[in-house]
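Here's the structure, in structure tokens; my notes come after.
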Number of protein chains: 2
Amino acid sequence: MVEMNLQADARLPAYLRLRDELAARIAAGEWRTDEALPSDNRLARDGDLSVGTVRKAVQMLVDEGLLERRQGSGTYLRKPAFNATLFRFFQMRDSGSGQSIPSSRLLSRELMTAPAAIADVLGTDEVIRIERLRDFADRPFLSEDIYIPVRLFPGFETIPESEIGPLLYPVYLDRFEVFVASAEDEVSFATADETTASRLGIATGDAIAVIERTAYSLNGTPVEWRVARGPADRFRYRSRIG
Amino acid sequence: MVEMNLQADARLPAYLRLRDELAARIAAGEWRTDEALPSDNRLARDGDLSVGTVRKAVQMLVDEGLLERRQGSGTYLRKPAFNATLFRFFQMRDSGSGQSIPSSRLLSRELMTAPAAIADVLGTDEVIRIERLRDFADRPFLSEDIYIPVRLFPGFETIPESEIGPLLYPVYLDRFEVFVASAEDEVSFATADETTASRLGIATGDAIAVIERTAYSLNGTPVEWRVARGPADRFRYRSRIG
DNA sequence: AATTCCAAGTTATATATAGAACTGGTTGAC
DNA sequence: GTCAACCAGTTCTATATATAACTTGGAATT
């Protein structure tokens, strides 16, 4: 948020300047998840810094979940573990052993003017709305309305559906260099309206769980707002605190 | 709780040993929130370590939210912000401006043998069960069943109710030196049985939200299991991810 | 009485260095 | 061909040191 700064190099400590530089180069796509970044020693030489300073900068990015250090091997760009974090909250109760990712179908994608409340969150009313339905165990279990700013995702609505997998965040990263670093969820309870009921294959007025999520990029900018609805009786939301 | 880990000192790196030692001394109540811990230099001398190693250990505890460093002044025990973390998730939707903590009434406290599922989580079946009802805006909104191991909380059932405030975790800390450092919540929806309905003042069969929580101490030991139930239509659960 | 200044103590930043622990590949012996 | 030994490169741990930035309290000055 206060990180929009291009003038970052004011008179910040060296380790912060290096952290920012690395973050920028990562965001620019300089490295892939399977190739090592320059070694600590290399970065120290290049930047005319000591190894300790370099390690402090790199450690910050590790703590932020961007990088991954492998002793004896190198420092790598981390493959975002969407399953383990942003996604696992949507597991269903009776899944048994299934760690499988639910399949998903895109119902629609369209350019539109966002409702005021959503425009307020995203900071713009020029958005793309994605309607999506996720199946699990051969039954629809989650109906989603997703809003993303056109500014950040130009042309998203024209990407062939075949190139969009069951998870959106990897698409955001690969095609638009938008990294979803954190999110806020809000869980509540409601009853199904007609549209939702027909999508989920339940009756109008049936109990549903509602998850509203705002997703943020690394610098804290909101990059997505979505609402997901599913049958309340099959729903379970897990959260770790502290 | 004093020293669960006698074997901890196996052959861990020095900074981890120091971190563990400090965590134990903090848990034992050696310092208050308004007095400084020994300085980095002092800890280095005492432990025959270098300052860098000490700083690494202290920094871990800062990252874990236990300590707080004030440049030029010292390192202090942080005042646990129960409101800001473990508690805020239970705010109700229509609260308006009310940041107030709901009042709570203890309905019962008794020594008992825990059901298998709970004994499994807590690692013992000798527990104390606390039934509690929380009010908000003059209406009951949360019915809780709380289970804590007798081993960790001996005599909890005999504490005068007047000495138990609306929040339990401060009581755990002050009287039993048990620090609740993290928790896992699981939110689901169900319908009210007779007991719950009468406590909450709703009808049997009405939709309720169910929050099951396992709370952990610093070293990861489960120290409490609770289930909370409230009217689903007034419920809202907030969670930050990543 | 109020303000300024100073000194000691503290955390924060940064460097330089050394060896341990580990990885991945190459070489060599069998 | 297989296995063991070796090696270069990497991260990890730890020490020692120096300086900057900041806080606090008391002394000195006005």
Side-chain angles (χ1 to χ4, degrees), chain A residues 2-3 5 8-23 25-26 30-79, chain B residues 5 8-23 25-26 30-79:
Chain A
V2 192
E3 277 285 86
N5 40 12
D9 285 42
R11 210 65 285 152
L12 291 171
Y15 74 94
L16 283 182
R17 290 201 303 271
L18 176 57
R19 177 232 164 263
D20 289 348
E21 183 202 320
L22 288 176
R25 291 170 69 182
I26 290 167
E30 188 160 335
W31 301 285
R32 308 201 152 266
T33 58
D34 52 355
E35 63 183 332
L37 271 68
S39 74
D40 292 354
N41 283 328
R42 186 63 203 268
L43 287 172
R45 269 193 294 126
D46 290 356
D48 200 22
L49 298 167
S50 79
V51 178
T53 303
V54 169
R55 284 186 63 81
K56 196 165 176 182
V58 173
Q59 190 56 47
M60 285 194 72
L61 294 169
V62 170
D63 292 340
E64 291 171 37
L66 268 176
L67 297 179
E68 181 181 310
R69 315 196 67 151
R70 299 183 204 149
Q71 184 175 173
S73 176
T75 304
Y76 298 82
L77 188 53
R78 211 181 77 152
K79 196 171 321 211
Chain B
N5 37 13
D9 286 39
R11 211 62 287 153
L12 292 171
Y15 74 96
L16 282 183
R17 289 202 303 271
L18 177 57
R19 177 230 164 264
D20 289 348
E21 183 203 321
L22 288 176
R25 292 170 69 183
I26 291 167
E30 187 159 339
W31 301 286
R32 308 199 153 267
T33 57
D34 52 356
E35 62 184 331
L37 272 66
S39 73
D40 292 355
N41 283 328
R42 186 62 204 268
L43 287 172
R45 268 191 296 125
D46 291 354
D48 200 21
L49 298 167
S50 79
V51 178
T53 303
V54 169
R55 283 187 62 81
K56 198 166 174 182
V58 173
Q59 191 55 48
M60 285 193 73
L61 294 168
V62 171
D63 291 340
E64 291 171 36
L66 269 175
L67 296 179
E68 180 182 310
R69 314 197 67 151
R70 299 184 205 151
Q71 184 175 170
S73 177
T75 305
Y76 298 83
L77 186 54
R78 215 182 71 153
K79 199 169 319 213

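Source: prediction; values computed, not measured. Lettering of chains follows the sequences in order, A, B, ..., and the numbering in each one begins at 1.
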For [N], does OP1 or OP2 lie under 4.0 Å from any side-chain N or O of [X]?
X	N	answer
B:R55	C:dT11	no
A:S73	C:dT23	no
B:K56	D:dA14	no
B:Y15	D:dA14	no
B:R69	C:dA12	yes
A:T75	D:dT11	yes

Taking atom [atom2] of [N] as reference, at what distance in whole Å does atom [atom1] of [X] sit?
X	N	atom1	atom2	value
A:L43	D:dT10	CG	P	11 Å
B:Q71	D:dC22	CD	P	6 Å
B:D40	D:dC22	CG	C1'	14 Å
A:E68	D:dT10	CD	C1'	15 Å
A:E35	D:dT10	CD	P	15 Å

Heavy-atom count check: over 12 atoms from other residues, nucleotides or ligands less than 6.0 Å from B:R70 CZ?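 Above 12, so yes.
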
Could you check whether B:R78 pairs with B:E68 (Lys NZ or Arg NE/NH1/NH2 to Asp/Glu carboxylate O, under 4.0 Å)?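 Salt bridge absent between B:R78 and B:E68.
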
Are A:D40 and A:R69 close enough for a salt bridge, meaning some N to O gap below 4.0 Å?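 Looking at A:D40 and A:R69, the cut-off is met.
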
Between A:L77 and A:L66, what is the shortest heavy-atom contact and its length?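 In this case the closest contact between A:L77 and A:L66 is CD1-O, 3.6 Å.
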
